[in-house]
Amino acid sequence: MTLCGCQPQTFPNTPTIPVLPTETSQPRWMLYERALSKAVVNQDDGLCEWEILGKSGNEVYVWAECRVMEPIGTAGSGPAVIYLGENGGIEKVTIPRDGNYNPVDIQALFPADIQEKVFHSSFDGPAADRHIDERLKSNGPPIIVLSGTPLP
């Protein structure tokens with residue numbers, strides 16, 4: 001049960017990653033990046049680029065691309081739901097399963113208007129990859145921060 005008193009839908013074998021409380025002195029984007037990295041590439045130290053597809057209540061819908069340096073070549077990209085607590089903290093991230101379960105999970109996790117965005121993604125993966133490469137050298141923030149997009 002979440003802090004809001006509601007029970008998010010869960011699906012058997014769907015990766016749902018609980019997020020441990022973190023210090024609030026970190027910029028909010030770092031909390032998002034850590035949570036997305038843990039969900040997408042199963043490591044909380046990866047670099048991620050993401051786009052917010054929408055928000056409803058305590059759920060933030062994103063398309064994320066994440067990469068870690070070790071093991072080499074570990075990367076992932078796809079839609080995710082970020083669940084926020086009453087205080088705005090990130091409680092967990094859920095991603096759809098792979099394979100035949102993917103469309104079923106997308107339909108269950110995302111509202112219809114967001115499903116359209118997921119199934120017809122305009123997320124620029126090559127630009128995200130290039131920016132992750134730049135961030136590896138400069139240790140800068142993701143594109144979403146540079147663009148001034150506020151994070152819920």
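Since we're looking at a predicted model, the values are computed, not measured. We're numbering straight along the sequence, starting at 1.
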Asker: Strictly below 4.0 Å, N to O, side chains only: are Arg67 and Asp133 in salt-bridge contact?
Answerer: yes
Asker: With rounding to the nearest 0.5 Å, note down the distance linking CG in Asp98 to CG in Asp105.
Answerer: 9.5 Å
Asker: So which atom in Leu109 and which in Pro96 form the shortest heavy-atom distance, rounded to 0.1 Å?
Answerer: CD1-N, 4.0 Å
Asker: Let me see the working for Trp50 and Leu151 under side chain to side chain contact (heavy atoms under 4.5 Å, CB included), right down to the final yes or no.
Answerer: CA-CA 11 Å; Trp50 65 96; Leu151 298 176; 3.8 Å; yes
Asker: Any Lys/Arg nitrogen of Lys117 or Glu51 sitting under 4.0 Å from an Asp/Glu carboxylate oxygen of the other?
Answerer: no
Asker: Roughly how far, to the nearest 0.5 Å, is NZ of Lys38 from CD1 of Ile95?
Answerer: 11.5 Å
Asker: What do the steps show when you test Trp63 against Ser122 for side-chain hydrogen bond (donor to acceptor under 3.5 Å, both in side chains), and what is the final call?
Answerer: CA-CA 9 Å; Trp63 188 279; Ser122 63; over 6 Å; no
Asker: Between Cys48 and Pro142, what is the shortest heavy-atom contact and its length?
Answerer: O-CB, 3.6 Å
Asker: Going only through I, L, V, M, F, W and Y residues with side-chain contacts under 4.5 Å, is there a path from Ile106 to Tyr83?
Answerer: yes
Asker: For Val104 and Asn100: C-alpha separation, side-chain torsions, deciding distance, then whether side chain to side chain contact (heavy atoms under 4.5 Å, CB included) applies.
Answerer: CA-CA 8 Å; Val104 173; Asn100 292 335; over 6 Å; no
Asker: Would a distance-only check, ignoring hydrogens and angles, find a side-chain to backbone donor-acceptor pair under 3.5 Å from Arg34 to Trp29?
Answerer: no
Asker: Checking Gln115 side chain against Gln107 main chain: does a donor-acceptor pair fall under 3.5 Å?
Answerer: yes
Asker: Considering residues at least two apart in sequence or located in another chain, which fulfil the side chain to side chain donor-acceptor pair (under 3.5 Å) criterion with Ser138?
Answerer: none
Asker: Using a 4.5 Å cut-off on heavy atoms from C-beta on, say whether the side chain of Asp129 contacts that of Glu65.
Answerer: yes
Asker: Nearest 0.5 Å please: distance from the OG atom of Ser56 over to the CD1 atom of Ile114.
Answerer: 8.5 Å
Asker: Looking at every heavy atom in both Val93 and Ala35, which two are closest together, and how far apart are they?
Answerer: CG2-CB, 3.7 Å
Asker: State the CG-CG distance between Leu31 and Leu36, to the nearest 0.5 angstrom.
Answerer: 11.0 Å
Asker: Enter the distance from Ile82:CD1 to Asn58:CG here, rounded to the nearest 0.5 Å.
Answerer: 11.5 Å
Asker: Kindly give the heavy-atom pair with the smallest separation between Thr149 and Ser147, and that separation in Å.
Answerer: OG1-OG, 2.9 Å
Asker: Search all heavy atoms of Ser37 against all heavy atoms of Gly46 and return the closest pair with its distance.
Answerer: OG-N, 2.9 Å
Asker: Where is the tightest heavy-atom contact between Tyr61 and Phe110, given as atom of each residue plus distance?
Answerer: CD2-CD2, 3.4 Å
Asker: So, do Leu146 and Pro141 sit near enough that their side-chain heavy atoms are less than 4.5 Å apart?
Answerer: yes
Asker: Side chains of Val62 and Val60: does their closest heavy-atom pair fall under 4.5 Å?
Answerer: yes
Asker: With side chains defined as the heavy atoms from C-beta onward, is the minimum distance between Glu49 and Glu33 less than 4.5 Å?
Answerer: no
Asker: Look at the side-chain heavy atoms of Ile, Leu, Val, Met, Phe, Trp and Tyr, link any pair under 4.5 Å apart, and say whether Val41 and Met69 land in one connected group.
Answerer: no
Asker: Please evaluate residues Ile90 and Leu84 with respect to the criterion side chain to side chain contact (heavy atoms under 4.5 Å, CB included), reporting the C-alpha separation (whole Å), side-chain torsions for both, the decisive distance (0.1 Å), and the verdict.
Answerer: CA-CA 5 Å; Ile90 299 170; Leu84 304 175; 3.9 Å; yes
Asker: Report yes if the side chains of Pro79 and Phe123 come closer than 4.5 Å at any heavy-atom pair, otherwise no.
Answerer: no
Asker: Please answer whether the main-chain N or O of Ala127 pairs with a side-chain N or O of His131 as donor and acceptor at a distance below 3.5 Å.
Answerer: no
